[in-house]
Amino acid sequence: MSERTGLAAEAEELDAADPLAAVRGEFVLDDVTYLDGNSLGALPAHVPGRVEDVVRRQWGELRIRSWDESGWWRAPERIGDRIAPLVGAAAGQVVVGDSTSVNVFKALVAAVRMAQEAGAAGAAGRGSGGGGSGVGSGAGAVRDEILVDATTFPTDGYIADSAARLTGCTLRPVLPAEVPSALADRGDRTAAVLLNHVDYRTGRLHDLPALTAAVHAAGAYAVWDLCHSAGALPVGLDEHGVDLAVGCTYKYLNGGPGSPAYLYVRRGLQHRFDSPLPGWNSHAEPFGMRPDYAPAAGAVRGRVGTPDILSLLALEAALDVWDGAGVSVAAVRAKSLALTDFFLRCVGAYVPEGRAESLTPAAHAERGSQVALRCDGAGDVMKRLIERGVVGDYRPPDVLRFGFTPLYVGFADVERAARVLAETLTG
């Protein structure tokens with residue numbers, strides 16, 4: 001038996017034993033090997049019917065009554081509570097709405113405001129014989145720096161730069177591995193640190209518990225971008241004391257193109273969360289139409305304006321796939337690691353040495369749910385892969401990205417992708 005035949009047979013055995021295999025039938029799929037769920041998740045099969053009901057009945061028949069009778073008004077918090085267990089959070093801390101970029105802005109500016117407020121209060125307390133305490137209290141130093149992941153998705157960097165200018169801070173790009181040493185050097189000046197849980201280019205998983213602890217030890221606030229981790233691996237926001245987090249819902253949560261993002265605000269910080277975008281939806285009395293702003297209690301403070309109901313309720317329907325027996329973050333993570341392990345094995349067996357180099361860490365503790373390969377002419381290679389029915393994506397100048405969504409990707413998909421990649425590179 002050839003190595004190729006052996007791996008194909010092994011893929012069949014793995015698929016037959018896969019406890020999540022039945023979930024694949026809940027998605028609209030075809031003969032294409034779809035490995036781009038880290039950019040846009042596949043469509044859950046029941047979502048179109050649910051959206052049709054929202055459009056035809058809730059909007060078409062009930063119209064304005066649906067804000068109350070169909071639960072539209074509370075949808076951002078209700079759906080936030082459904083996302084919460086997927087990121088390791090208790091209810092009442094996640095609100096859904098706006099884009100990831102907007103939520104990064106809210107979280108980062110609010111984090112800086114809290115840090116600077118705590119620093120000022122600590123200085124005042126010492127001046128009057130008192131003392132400051134808690135995250136952000138520091139030792140009275142001016143908190144005038146923001147650290148940002150130097151390898152971040154560009155938008156996070158743009159937002160961080162704008163937040164720094166608006167809050168009178170200096171922006172310091174730092175590699176995640178260098179954050180502890182950067183904080184040891186100037187941590188008393190740091191207000192907030194914005195980090196990505198998984199690197200969007202390489203698939204590297206960063207150490208959220210250790211980095212969050214380092215940020216807190218410096219008296220700063222930790223803001224995490226979960227776009228490439230939520231729905232693919234455990235996050236543990238509450239367990240690890242994360243202050244603020246944001247994430248999109250159109251990747252591993254399969255909410256659809258442009259589906260709304262979410263914002264996590266740790267319960268102990270909610271009374272201090274000062275959003276830079278106060279809107280009538282986050283007002284304590286939204287229908288009071290008062291000229292002065294009074295923030296609502298809880299994660300509702302993260303809302304701004306009228307929610308995008310059609311996309312929001314499509315997302316709510318998509319989250320139903322997580323309600324099946326045996327569908328858990330732990331099960332998804334186990335399959336994700338098995339899929340990426342198998343893909344790397346198949347690439348190693350099929351692709352001639354020197355034709356493609358993995359940028360994704362081999363260690364499970366450092367790997368998200370994608371594999372990034374560097375190769376010459378990557379843009380043209382991905383174009384030819386797509387023409388042959390293997391869909392991943394390309395990041396300039398030379399990176400092929402393959403995302404593995406365990407809810408619908410199987411081991412035969414993995415073997416086929418590696419085989420077609422090898423044929424493309426050598427053809």
Residue of the set V414, L385, D393 for which side chain to side chain contact (heavy atoms under 4.5 Å, CB included) holds with F402 = L385
Is it true that a side-chain atom of [X] and a backbone atom of [Y] form a donor plus acceptor pair closer than 3.5 Å?
| X | Y | value |
| --- | --- | --- |
| H46 | A317 | yes |
| H283 | E285 | yes |
| R186 | L183 | no |
| S99 | V102 | yes |
| S275 | L277 | yes |
| R143 | A115 | no |
| K106 | G302 | yes |
| N196 | D199 | no |

How far apart are the closest heavy atoms of [X] and [Y], and which atoms are they?
| X | Y | value |
| --- | --- | --- |
| V223 | A111 | CG2-CB, 4.0 Å |
| G403 | N38 | CA-OD1, 3.3 Å |
| K335 | L20 | CD-CD1, 4.0 Å |
| D36 | G392 | OD2-O, 3.5 Å |
| G255 | A318 | CA-CB, 4.2 Å |
| V321 | V327 | O-CG1, 3.7 Å |

Around [X], counting heavy atoms of other residues, nucleotides and ligands shown, do more than 12 lie under 6.0 Å from its [atom1]?
| X | atom1 | result |
| --- | --- | --- |
| D31 | CG | no |
| D320 | CG | yes |
| R290 | CZ | no |

Quick one: pull up [atom1] in [X] and [atom2] in [Y] and give me the separation to the nearest 0.5 Å.
| X | Y | atom1 | atom2 | answer |
| --- | --- | --- | --- | --- |
| Q116 | D274 | CD | CG | 11.0 Å |
| L195 | T212 | CG | OG1 | 7.5 Å |
| R172 | E178 | CZ | CD | 10.0 Å |
| I64 | E69 | CD1 | CD | 11.0 Å |
| D149 | T151 | CG | OG1 | 3.5 Å |
| L147 | L194 | CG | CG | 10.0 Å |

Is [X] salt-bridged to [Y], cutoff N-O under 4.0 Å?
| X | Y | answer |
| --- | --- | --- |
| E61 | R57 | no |
| R165 | D161 | yes |
| E316 | R78 | yes |
| R204 | E366 | yes |
| R272 | D243 | no |
| R113 | E117 | no |

Taking the side chain as every heavy atom from C-beta outward, state whether [X] and [Y] have any pair of such atoms under 4.5 Å apart.
| X | Y | value |
| --- | --- | --- |
| I146 | V112 | yes |
| V300 | E77 | yes |
| V347 | S358 | no |
| Y293 | S282 | yes |
| Y252 | F404 | no |
| Q58 | W72 | yes |
| C227 | V198 | no |
| D225 | H197 | no |

Side chains of [X] and [Y], donor plus acceptor under 3.5 Å:
| X | Y | value |
| --- | --- | --- |
| T100 | Y262 | no |
| T340 | R367 | yes |
| T202 | T360 | no |
| R416 | T33 | yes |
| D238 | Q93 | yes |

inquiry  = side-chain contact (heavy atoms from CB on, under 4.5 Å), that's the test. Do L226 and V246 meet it? Break it down for me.
reply    = CA-CA 6 Å; L226 309 178; V246 302; over 6 Å; no
task = For the pair L421 and V390, evaluate side-chain contact (heavy atoms from CB on, under 4.5 Å) and give the outcome as yes or no after the intermediate values.
result = CA-CA 8 Å; L421 172 63; V390 175; over 6 Å; no
message = Check whether W73 forms a cation-pi arrangement with R303 (NZ or CZ under 6.0 Å from the six-membered ring centre, at most 45° off the ring normal).
response =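 Ring-cation test returns yes.
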Passing candidate, salt bridge (charged side-chain N to carboxylate O under 4.0 Å, His left out) with R24, options D413, D18, D15 =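 Option passing the salt bridge (charged side-chain N to carboxylate O under 4.0 Å, His left out) with R24: D413.
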request  = Go through the structure and list residues passing side chain to side chain contact (heavy atoms under 4.5 Å, CB included) with Y200, not counting sequence neighbours.
outcome  =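 Only F153, P154, H228, R395, R401 meet the side chain to side chain contact (heavy atoms under 4.5 Å, CB included) criterion with Y200.
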note = Those residues at least two apart in sequence (or on a different chain) that pass side chain to side chain contact (heavy atoms under 4.5 Å, CB included) with S336 are R333, S369, P406
Donor-acceptor pairs under 3.5 Å, side chain of residues 374-381 to any protein atom, not counting sequence neighbours: which ones?
unit_1: R374; atom_1: NE; unit_2: D398; atom_2: OD2; d: 3.3
unit_1: D380; atom_1: OD2; unit_2: R384; atom_2: NE; d: 3.1

message = Would you say the rings of W280 and F287 are close, in the sense that their centroids are separated by under 6.0 Å?
response =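 Ring-ring flag for F287/W280: true, centres closer than 6.0 Å.
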query = Going through the distances and angles, do L86 and V329 end up as a side-chain contact (heavy atoms from CB on, under 4.5 Å)?
reply = CA-CA 6 Å; L86 303 182; V329 175; 3.9 Å; yes
task = Kindly indicate, with the supporting measurements, whether the criterion side-chain hydrogen bond (donor to acceptor under 3.5 Å, both in side chains) is fulfilled by T249 and S259.
result = CA-CA 6 Å; T249 61; S259 58; 2.6 Å; yes
side-chain contact (heavy atoms from CB on, under 4.5 Å) between D98 and L263, intermediate numbers included = CA-CA 9 Å; D98 305 311; L263 169 67; over 6 Å; no
